[in-house]
Colleague: 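Let me begin by handing over the structure; questions about it come next.
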Amino acid sequence: MCREFSILSHISKSNFLNFTLIKTFLLFISVLVFAYGANGQKIDSLKKALRSSQGVDRYEILFGLAYEYSDVNDSLSLVYAEQAYDLALNLGDSARIIKGGRIKAGELRRLENIDEAIQVAEYVLGIARRLKNTSELKLILTSVATSYSLKAEFDKALKYNFESLVIREAEGNRKEISISLNNIGLTYYRLNDLTRSLQYYKKSLELKRSVNDKHDLDRLLINMGLCLNASGDYAEARKYVNEGLKECDGTCSDQITLEGQYALGISFFETKSYTESLAHFEKSYEVAKRVNNYRFQGENLLHFAKLHLINKDYAPISKYLLEAEQISIQRGYGRLLISTYELFSKLYKTTGDYQNTALYQAKYIALKDSIYSEKLMSNLAQVQTAYQERENLKTIDEKNQVLALQKEIIVRQQRQYFFIFTITCLAVSLALVLFYFSKRQQKVNRELSLAKNKIQEQNKSLESHNKELEDRVEERTRDLNLTNQALSRANSSLQQVNSELDNFIYKTSHDIRGPLATLRGICNLAMIEVSDEVAITYLKRFDVTAEHLSIILTRLAIVNQINNSVLVPASIDFQEILDEIVSYEKKKGLPAQFSITYEIEPDCALISDRTLVKIILENLIDNAIKFRNTSDRQTPYAKINLKKQGNHVDVTVKDNGIGISMEEKNVFQMFMRASELSQTGGVGLYLTRLATEKIGGKISLIHSDTRGSIFQARFPSNLNEVIRERSREEQKLIEQIEKQSDRATDLRPR
C-alpha cells in the first residue's frame, strides 16, 4: 500500500512542472490535429471568410468559430466569443448580444473564471427577459445556475434552475425538461440533500428513456452514481457509473472520463478497496490535469490525502491539502475548501498538533456556517415553496382538465352510439332493398319463362292444326297477334326492369358511397378520440364492415359497367396488364410470402376489349389471394398461364388455396359464396363470368380441392368476329319475326 502511494508523493517539484509542460504541449498538438482533422475544413473556411467580412456577417463568422472551438480549445473559443460579443454590443443588436454573451459566459465558466462568467450571463439574462426570448433565456438560466452552484451559492443556483425548468415544462420538450431536472438534482447533491437529488435524477432518467434521448445520458448516470455513493449504496453506484461509461464506450469526453473514474474511486474507497480506489483516482487526476479541470484536481488531491491518512503515511498529506486549498481559494470552490479544512483538522488531530487542529477546525466551522448559512436555508425554502405551490396549482388544473375530458368522452360516446345505430339502420335498409329487387327480378324471370312456354305451346298448336288453318285462319291470326303483343309487352317490361335495375345499382352505389365514406371518416375520428378499448373494438369492426360494404358497392358498379359497356376491340398486351395488376395488389398489401407468377407463350395474340380482360384477370388473381392457404407449412402462390388453342386464348389461374367444393355448381352466380372468407358478397366470380361472356368467352372451374383450385377463361382470338357474328344473329332474328308476320298476313282470308 505504501509503495502505491509513493507514485505521487516522490515526484519532485521540478519534475512535476516538466511533466505538466510536456502534457500541456501534447494536449495542444492533439487539439490541433483534431481541429484540422474533424472540423478543420469548416474552421479554415470560416477563418478565410473572416478576413473580408464586416458587420453582421463578421459577427456570424466569429460566433461560428467560437462554437466550433467550444469543448475542443476553450481558450481559443473564448477569444472568438469575446470578439463576437463586443461586435454585437457595437452594433446594438440585442438578439446577437444575447447569443454572444451566452457563449462567452459558457467559455468563462469552463475556464473557471466564475465571477466574470456570472457577470456576463446576468447582463444578457436581463436583455433576454426584456425581449421574452425564451429559446435563449432557458439556456442562459442554466449557465448562470451552474456558475452559482460552483461558487456554492446554492439558493441562487436552485432559483435559476427552477426558472429554466418552468420555461421548458411550458414548451413541453421532454429532452430539455430532463436537462433541467438533472441540473436541479446536481444542485441538491451539492447541498447534501441526497433524497431530493436522487428524486430529480430519476425523473430526468425516466424522461430521457421515454424519448430515447442519448444526449448527456452518460453524465446523468455518473451523477446518479455520485449521489448513490454519498447515500452509502456503493454497489448500485458502481452499476450506474459503469453504465454511464458504457454509453460512450471508448469515445467518452475527457470530462465524462474524469468524473466517472472519480466516482468509481469514491465507491471503492468507501468499501475499503483502497488499491482499486487509488487506480481510479489517479486516472481521474491525470485527465483533470491534462484538461486543466481544477475542481476535480482538488477533489482527487483530497482523496490522495485520505488514502495516505488511512495508511498513516503523513509526510505527503500536507502537500496534497495545501495544493487543494490553493485551488479552492483561487477558484472560489467553497465546498472543496470546507472538505480541505476538515481533512487538515483530522490530520493535525491524528499527529497531535492540537494548535493547528483548533485553527483548521475554526476555519472549517466558519466557512461552513458562511456557505450553509441560515439565509441560504431560508432562501432555499422560499425557492422550493414557490415551485411547490406552482406544482400544486398545476395538479389542480390537470384534475379539472381530466374532469372536463371525462364529460367530453361521455358526450362523444353518446354520439358514437347514435352513429352506430344510424349506420346499422342504413345497412339493414340496403339489405332489404337488395332483397326486394332480387325477388322482383325472380318474378320477372318467372313471367318470361311462362310467356316463353306459352309461345311454344301455341306454335305446336299451329303446326298440329295447319290443315284447319283455312277455316280458322282469322281466329289463329288474332291469337297470333295477341301473343305477339303479349311477347312485345313482356320484352318491353323486361327491358324496363333491366334498365331500372341498372339505374338503381348505379345510383345506389354512387349515392350510398358518399354517406358511407363520411361515416367511415367519423368512425376513424371517433377511434382517434375515444380511449375506451371496448368502444374502439366495436368501431374497428364497424369500419371493417363499412369497408366491405364499399367493396360490394364498387363490384355492383362494375356489374353495371359491364352490362352497359360498348366493346372496343384492341390488341391485348398481357404482360402489361398483368404487371399493372400485380403492382396494384402490392400497393393494397399482399399477404406475407404470397407470390404471383405468370407464363405467357409467345403466340398469344389477342384482339379483345382491354378493360373487360383486365377485370377478368384481376378477379381471378384476387380470388386466389383471398382464398389462400394460411398454413405456415405452405407458401401461398398464384400461377397464371396463357397459351394459344386454335382460335382461342386460354388463361389458366392456379393456386394452392383452401379450394372450393366441387358440389358448388353455381360459384359464378351473383351472391354465391363458396367460403365464409368471401368479403365481397360473392360478386367477384360473377363479375368474371359476366365479363367473359360479354367478350364471347367462357369461364370454368377446372379443378378444386383442399390443395388448391384451377380456373380457366377461354377468350376468342378476335373480338371483331364475335361482334359480327352477334350482329348477324340479331339480323336473322329480326328477319324471322318479319317473315312470321308476313306469313300470317298472307294466310289471312281475303
Colleague: Working note: Tyr80 + Lys47, criterion side-chain contact (heavy atoms from CB on, under 4.5 Å); need CA distance, chi angles, decisive distance, verdict.
Modeller: CA-CA 11 Å; Tyr80 288 113; Lys47 286 182 177 179; 3.5 Å; yes

Colleague: Is the closest side-chain heavy-atom distance between Glu136 and Arg102 below 4.5 Å?
Modeller: yes

Colleague: What's the shortest heavy-atom distance between Ala230 and Tyr189, and which atoms?
Modeller: CB-CE1, 4.1 Å

Colleague: For a quick check under 3.5 Å, do Arg109 and Ser143 share a side-chain donor-acceptor pair by atom type?
Modeller: yes

Colleague: In the structure I gave you, are the side-chain heavy atoms of Lys208 and Lys214 within less than 4.5 Å of one another anywhere?
Modeller: no

Colleague: Does NZ or CZ of Arg238 come closer than 6.0 Å to the centre of the six-membered ring of Phe268, within 45° of the ring's axis?
Modeller: yes

Colleague: Are Lys99 and Phe63 in a cation-pi contact, defined as NZ or CZ under 6.0 Å from the six-membered ring centre and within 45° of the axis?
Modeller: yes

Colleague: Under a 3.5 Å cutoff, is there a donor and acceptor pairing between the side chains of Glu325 and Thr340?
Modeller: no

Colleague: Can you tell me if Ser70 and Ser77 form a side-chain donor-acceptor pair at under 3.5 Å?
Modeller: no

Colleague: Where do Arg110 and Asp74 come nearest, in terms of heavy atoms and distance?
Modeller: CD-OD1, 3.7 Å

Colleague: Any chance you could lay out the side-chain contact (heavy atoms from CB on, under 4.5 Å) test for Phe154 and Leu158, step after step, and finish with the verdict?
Modeller: CA-CA 6 Å; Phe154 301 116; Leu158 204 58; 5.9 Å; no

Colleague: If you draw the axis of the six-membered ring of Tyr148, does the NZ or CZ of Lys151 fall within 45° of it and under 6.0 Å from the ring centre?
Modeller: no

Colleague: Could you check whether the rings of Tyr360 and Tyr348 sit parallel, tilted or perpendicular, using 30° and 60° as the cut-offs?
Modeller: parallel

Colleague: Verify ring-ring contact (aromatic ring centres under 6.0 Å, His included) between Tyr341 and Tyr364, making sure each step is shown before the conclusion.
Modeller: CA-CA 5 Å; Tyr341 287 156; Tyr364 166 76; 8.3 Å; no

Colleague: So, for His280 and Tyr262, is the gap between ring centers shorter than 6.0 Å?
Modeller: no

Colleague: Within the side chain of Asn161, is there an N or O that forms a donor-acceptor pair under 3.5 Å with the backbone of Ala157?
Modeller: yes

Colleague: Can you list every pair that meets side chain to side chain donor-acceptor pair (under 3.5 Å) and has a residue in residues 223-232, with sequence neighbours left out?
Modeller: Asn182-Asn223

